[in-house]
Each structure stands twice: as structure tokens, then as C-alpha cells.
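Note on naming: letters A, B, ... go to the chains in the order of the sequence lines (proteins, then strands), and numbering restarts at 1 for each one. Just so you know, these numbers use all the heavy atoms, side chains as well, and skip hydrogens, waters and symmetry mates.
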2 protein chains.
Amino acid sequence: MTVSRALNRPELVSEATRLKVQRAVLETGYVPNRVAGALASSRSRLVALLVPTVAHSLFAEVTQTIMAALAPQGYQVMLGLVGYTPEQEEKILETVLSRRPDGIVLTGCRHSELARRRLLAAEVPLVEIWDMTDEPLDMLVGFSHEAVGEAVGRHLVELGRRRIGVISADDSRARRRVAGLAAVLHATPDASMTVREVGTPSSMPWGREKSAELLDNEAVDAIVCSSDILAMGVLAEAQSRGVDVPGALAIMGFGDSSYAKATFPALSTVRIDGATLGRRAAEHLLARMAQPHFQRVEQTLDLGFEIVDRGTT
Amino acid sequence: MTVSRALNRPELVSEATRLKVQRAVLETGYVPNRVAGALASSRSRLVALLVPTVAHSLFAEVTQTIMAALAPQGYQVMLGLVGYTPEQEEKILETVLSRRPDGIVLTGCRHSELARRRLLAAEVPLVEIWDMTDEPLDMLVGFSHEAVGEAVGRHLVELGRRRIGVISADDSRARRRVAGLAAVLHATPDASMTVREVGTPSSMPWGREKSAELLDNEAVDAIVCSSDILAMGVLAEAQSRGVDVPGALAIMGFGDSSYAKATFPALSTVRIDGATLGRRAAEHLLARMAQPHFQRVEQTLDLGFEIVDRGTT
DNA sequence: GGCTCGAATGATTGCGCTATCATTGCGGAA
DNA sequence: TTCCGCAATGATAGCGCAATCATTCGAGCC
């Protein structure tokens, strides 16, 4: 018991024993077994982080910032890649919960009924990120995808664009952005919209391929993409054809990834502050995990977004 | 005990009890506690994956494939972001080992002496990836960075380039690629080389900024980058200045990220097959974790690389 | 000296599982 | 009928730690 104290709460132990323990640890190469510690104290010091993928700069950034914020407090991250389907999330959730994490970060708010029940039953501090809803499971830090789509639609209409091409990943959040865009365009006289869906993960080649189709068949004057990387592909395709950007074709990305400002011309996009989102989510979670007893709070933080006009609109 | 069996080794239990247990699990919402299971069986079903960052498409891809290969076998991944310094690796290693992972994947082969000792003492199956050495800790799946640098050097010299600019991240593996390149150029009459280092993570804006410096001051006829994303920045900078690529300036990236083939002109680069690397690493680890007793093997697999000539050389 | 008090240390228990060995039950051979 | 052998089930212990309560010790006081 004294050794345990010397390692975990050294202030409760005399200088002399603390040193003695330290020396013994060094000599024997003792490595504490936190599995046993977790079982005994019912604190795993593990946070489950569920994201669709890390092969997408937006989620990679969020993952990076959340882990960076959690590490100094002694929390390890257990990563779960849930893709874009509720079934996959459900499956991973089960194995994740069986590790008794002290906290959970979930991407998105649309979970299966079973998943919701399990999460609620787990009585673990929980942050949903990257989305918005009126009925959060616990805490929520994100933004509204519908609002993004609507804002992009209004913006393009203001800029005089009417024949809008859309290249969107086949994931539900991207689809809701497209729906928001469609709603605005539908209410605009003369406006039209053509959607091309691509698989996940989004990639630059997809952007080139689908924009080639749009350019060949649809006489679009703007292409909206569900991610910056797709928009890069559109830009490359336009350049390869000598299409004037933004004169003949406007391009909008999504995410404001680090490269958006460095393309030529610089990419117009929707800025999502992934670093702040990740940091806030981590802060909320840490605050809750520090409290002795679990209690749901239903706390919502809408971080919003910003349309960034650069050189492609 | 019968419940434990019904859940973990159902073939040892009669149909009737299996169903009875199943129903009880459903009714009570029982979620097994794998922390306790791990303690009792000394099998955590956890694999530690240590990468410098996930905010880099190459490591994101490797992370993604390793996790995808491990998940079906019931292994969860504990992610550790070690950056590019041995100190950070050492620190994270301690907390990682205290969770008693069943296996470890490490990026790189250059560890501190303390880290080596700890890893060896842990007696855990281990794969080093993304590098090459004569003294692997256990298993190794990777490629030689020096060889990459040399190959790039020879290739550019063959193509007639002599004034080589280099934009390299300040990480040790990138530096070893630069060293290989330098060795070749040093042995080539008339060849010269200028290096600009950038911080991590590499990004497109860094590529633009440093290539602008090189173009302004050094009259280079080729720029070699330590990653594709930097090369994209160089390409954008060249386009913004109307510099003819590859006529006046050749550009080489590194990694063959998914976007390299989609730029205009398409990016010449060094292909590293991250998917195969990740898959092989996971396979080796799984095979070893399936064995009852630990024994070091010092098994090395050099996956090599390939120079891909596209439109920028 | 005897007493109190607080700091430091120690003994015991149990976290929820699985390894191991023991027991039960049942069909078929002797 | 008895006995064996196997499948199924059960009882027990222990994994390595931390929570909890008990004990010891020494300083300071009367």
C-alpha cells in the first residue's frame, strides 16, 4: 500500500520512503499494471474516441487535438474507426464499452436506438462532436450541417451562380449539407443543381473524375464539394482543361484544411475550426471526468462555421 | 464460470445454457468487463500503435490499414502520438506499457537506450515499421530512407538536373533521406544542393514559402520534397509564378499519397506502399500474438519503394 | 511521565473476471 | 447391474492493484 501511495500520491508519503520506492522501481524495472489499477479503482484513465476515419484531414486534426489535450492529464486514447454507418458504430461501441472508458467522444449525433441505449446505460461522460441536434446524449460540441449547406447556397446565389454542380461523399452528414444547399437553390428562380456522389474516403482523383463529368455534361458555373480534397481535384481538372477559375467556374470546398489557402488560386471553402472543436470537446470531457459522480448535463456548444472567400469564387 | 464460457467459448457449452445466457445478457444489458478479463487472463486484446502523427496522410493510411486488419481479430488499438523525438516516444511508451498491450507497433527504428530496454523487458510481440535497421527489436516491416534519398539523387542526375533544392521536414527520417541524396550529389560533378528545413507537420503553405525562397535565391532546376504535400505547395508556387514545370523546374514528392496522381501536372514522387506495409505489419503481429509463448524473432521485411515519374520530372 | 494529535504506514478486502481442478450426469460397454 | 468415459457444469483461487480502516510513531503539551 505504501508503494502504491508513493507512486500515485507521493505527497502522502515521507521523503525517505518515496526515495526508497523510487530506487527500487529503477532497480527492478517495475512497470505499474494499470489494468489492475483500473479494476481496483474503477477508473481506467482511458478515453474512447470514435471517428469515421483518420484518413481525412479534418478528422485527423480533431483526433490530433483531442489526444494532445487529453495526454497531459494522464488519459490514454482508445481509437475506434466507425466509418459512416450506424451498424459499424454499434459494433465498435460494444467492444469499446467493455473496456470501461472514463469518457467517450463520438463523431456525429445520429446513432442507432441500441447505441443510444447502451451509451446512456454506460453512465459515462460523453461528448458528441461534429454535428448538431436538439437531443444530445450528454455534451455536444459541433455545428449544423444543414446550416452550412444553406449558407453556401445563399452565398453562391449572391455571387450570381445559378447552375450548381455538387460533388458529395456518400456519408449522411455530407448529404445533409447537400440538402441544405438544395433547399436554398430550390427557392431560387432559375437555379439548378446536379449532384454526383463519390465513395469514402473522399480523394482528389474522385474530384477530378466527377468534375470532368459535370463539366462535360452539365454546363455548371459552380461546383460545391463536400471536402477540400475533392475541391482540389476539381481545381486540377479545371486547370488541365484551361477552364477559367473563378471566371467560368467557381469552386467551393469544405473544411478549410491547411492546404486550402495555399492552392493556386487559393481555395474558397467553409471554415470549420477543428482545432477549437477538438480542444473544447476535450476540455468539457476533462471537466466532467474530474467530477466524482456521473450526471447527464445536455450541454450544447455550436461552434458555427465561416464561409471563406478566396480565389476560386 | 458457465456464463464466462458461454460468452467466450460457446462451443464448450450446451445449446440450452447458451441460449439461457444469451437471453439473460439481453434482459439485463450486461456488458462484459474486459478490464477484469484482461487482468485474470493476462491478455488485454489491446495493441499499442505508436505513430508520429495522424495529421499526415502517410501515417493516417498506415493507421487505418493496421486498425482495419486488427479489428476483425478482436484487437482494439491504443493510439499513441509520439511526434518526432525520442523523448516523447519514451514518455508515451511508459504509459502504454503499463496497459499491458498484447502487441506493439512502433514507427521507426531509432529508439533511446531506455526505450529499447523497456521494450525488450516487456516481452511483447513488436513490429517496427517505416524504417530499416540491422538490429530490429523484434519484427520489422519497412524500407531504407537512405536508399530512397540515393535513388532520388541518381534519378534526378540522370534526368540532367544539377542544381537541386531540397525542402525537408525537420524529422530524423526525412533527414536521412536528404543525407542519401546529398551523398549522390556530392559524387556528381557540377551538382549542388540547397536544403530548406520546415517544421512538422509538413503542409502545403510550407512548400510554397520555402520554394519561393529557393526560386528567388538559388536558381534551382529541381526541388525535392520530404512529402507530397510540400511538393503540392511547390507546384502551386510554380504555377503562381508561371514557372514551367517540368521544363524549368522538376518537382519530386515523397509517399505517393492518393492525391499525387491527380494534380496537374501529375506529381512525380517516391511510392511507399503504406497499405501493404500496414497489412503486413498487422499480419506479423497477429501471427505472433496467436502463439502462447513470447520469443523474439528478429524478422525483417524490406518492402522497398518505387520512383514514380509523372508530370513534374 | 503520560497524554493527545496528526502524519505515516500497514493489513485486509474486493474489483470482475478466467484458469484450474473437481464434480455431476448420462449413454453405452462389460 | 456396474462401471467407464466423456461432455457439461461448478467451486475455488488469484490476477495486481486501490479503498478503507487500523495501527504505529514521534512531536508537542501539560
Side-chain angles (χ1 to χ4, degrees), chain A residues 1-25 27-46 73-76 78 94-102 118 121-124 289-294, chain B residues 1-25 27-46 73-76 78 94-102 118 121-124 289-294:
Chain A
M1 199 52 234
T2 298
V3 172
S4 174
R5 263 192 293 257
L7 295 174
N8 298 318
R9 316 201 41 196
E11 74 277 9
L12 293 180
V13 146
S14 78
E15 176 79 5
T17 34
R18 206 166 49 69
L19 290 174
K20 222 154 68 179
V21 169
Q22 246 172 38
R23 219 187 41 222
V25 165
E27 277 174 15
T28 58
Y30 170 76
V31 178
N33 184 330
R34 286 193 210 285
V35 176
L39 182 62
S41 66
S42 15
R43 297 200 54 200
S44 61
R45 300 218 142 249
L46 223 49
Q73 311 300 317
Y75 286 97
Q76 199 83 15
M78 191 167 47
E94 175 161 14
T95 84
V96 154
L97 287 177
S98 72
R99 306 259 180 209
R100 300 294 190 268
D102 289 344
R118 281 201 176 136
E123 307 229 309
V124 156
M289 294 190 300
Q291 291 174 6
H293 296 298
F294 173 79
Chain B
M1 197 52 234
T2 297
V3 172
S4 174
R5 263 192 293 256
L7 295 174
N8 298 318
R9 314 201 41 196
E11 73 279 10
L12 294 181
V13 147
S14 77
E15 177 78 5
T17 34
R18 207 166 49 68
L19 290 174
K20 220 154 71 179
V21 169
Q22 245 172 37
R23 219 187 41 222
V25 164
E27 276 174 16
T28 59
Y30 169 76
V31 179
N33 185 330
R34 287 194 210 286
V35 176
L39 182 62
S41 65
S42 12
R43 298 200 55 201
S44 61
R45 300 216 143 249
L46 225 48
Q73 312 300 318
Y75 287 97
Q76 199 85 14
M78 192 167 48
E94 177 162 12
T95 83
V96 154
L97 287 178
S98 71
R99 305 257 180 210
R100 301 294 191 268
D102 290 344
R118 280 200 176 136
E123 306 226 309
V124 157
M289 292 190 300
Q291 291 173 7
H293 295 297
F294 173 79

The helix from C:dG1-D:dC30 to C:dA30-D:dT1: angle between terminal helix axes, five bp per end, to the nearest 10 degrees, reads 60°

- Task: Measure the shortest side-chain to side-chain distance between A:L7 and A:V25 over non-hydrogen atoms and say whether it is less than 4.5 angstrom.
- Result: yes

Nearest heavy-atom approach of A:R45 to A:Q73 is NH1-O, 2.8 Å

Sorted by chain and number, sequence neighbours left out, side-chain contact (heavy atoms from CB on, under 4.5 Å) with A:E27 holds for A:R23

With a 4.5 Å limit on heavy-atom distance, are the side chains of A:M78 and A:Q76 in contact? no

Using atom names, set out every protein N or O paired with an N or O of nucleotides 23-28 of chain C below 3.5 Å, distance rounded to 0.1 Å.
none

Shortest non-hydrogen pair, A:V13 vs A:T2, comes out as CG2-O, 4.1 Å

Practice item. Identify whether any heavy atom of A:S42 sits under 4.0 Å from a base atom; if not, whether one sits that close to sugar-phosphate; answer base, sugar-phosphate or nothing. Key: nothing

Between A:A38 and B:V35, the two heavy atoms sitting closest are CB-CG1, 3.9 Å

| Audit row: B:E15, B:L19, side chain to side chain contact (heavy atoms under 4.5 Å, CB included) steps and yes/no | CA-CA 6 Å; B:E15 177 78 5; B:L19 290 174; 4.0 Å; yes

One should read off an interatomic distance between A:R34 CZ and A:L46 CG, to the nearest 0.5 angstrom, of 11.0 Å

One should read off an interatomic distance between A:R5 CZ and A:R18 CZ, to the nearest 0.5 angstrom, of 14.5 Å

Closest non-hydrogen contact found for B:D102 with B:S44 is OD1-N, 3.0 Å

When rounded to whole Å, the CE to C1' distance for the pair A:M1 and C:dG14 reads 13 Å

Within residues 11-24 of chain A, those residues having any heavy atom closer than 4.0 Å to DNA chain C are A:V13, A:S14, A:T17

Here the gap from A:S14 atom OG to A:K20 atom NZ, rounded to the nearest 0.5 Å, amounts to 8.0 Å

Heavy atoms of B:V96 and B:P101 approach each other most closely as O-CD, 3.3 Å

Any heavy-atom pair between the side chains of A:V124 and A:R100 that's under 4.5 Å?
no

With heavy-atom distances below 4.5 Å as the criterion, would you say the side chains of B:Q291 and B:H293 are in contact?
no

Residues A:A122 and A:L97: closest non-hydrogen pair is CB-CD2, 3.8 Å

So, with a heavy-atom separation below 4.0 Å from DNA chain D, the residues of residues 2-10 of chain B are B:T2, B:R5

With a 4.0 Å cut-off (strictly under) to non-hydrogen atoms of chain A, the first and last hit nts on DNA chain D, 5' to 3', are D:dG16 to D:dT20

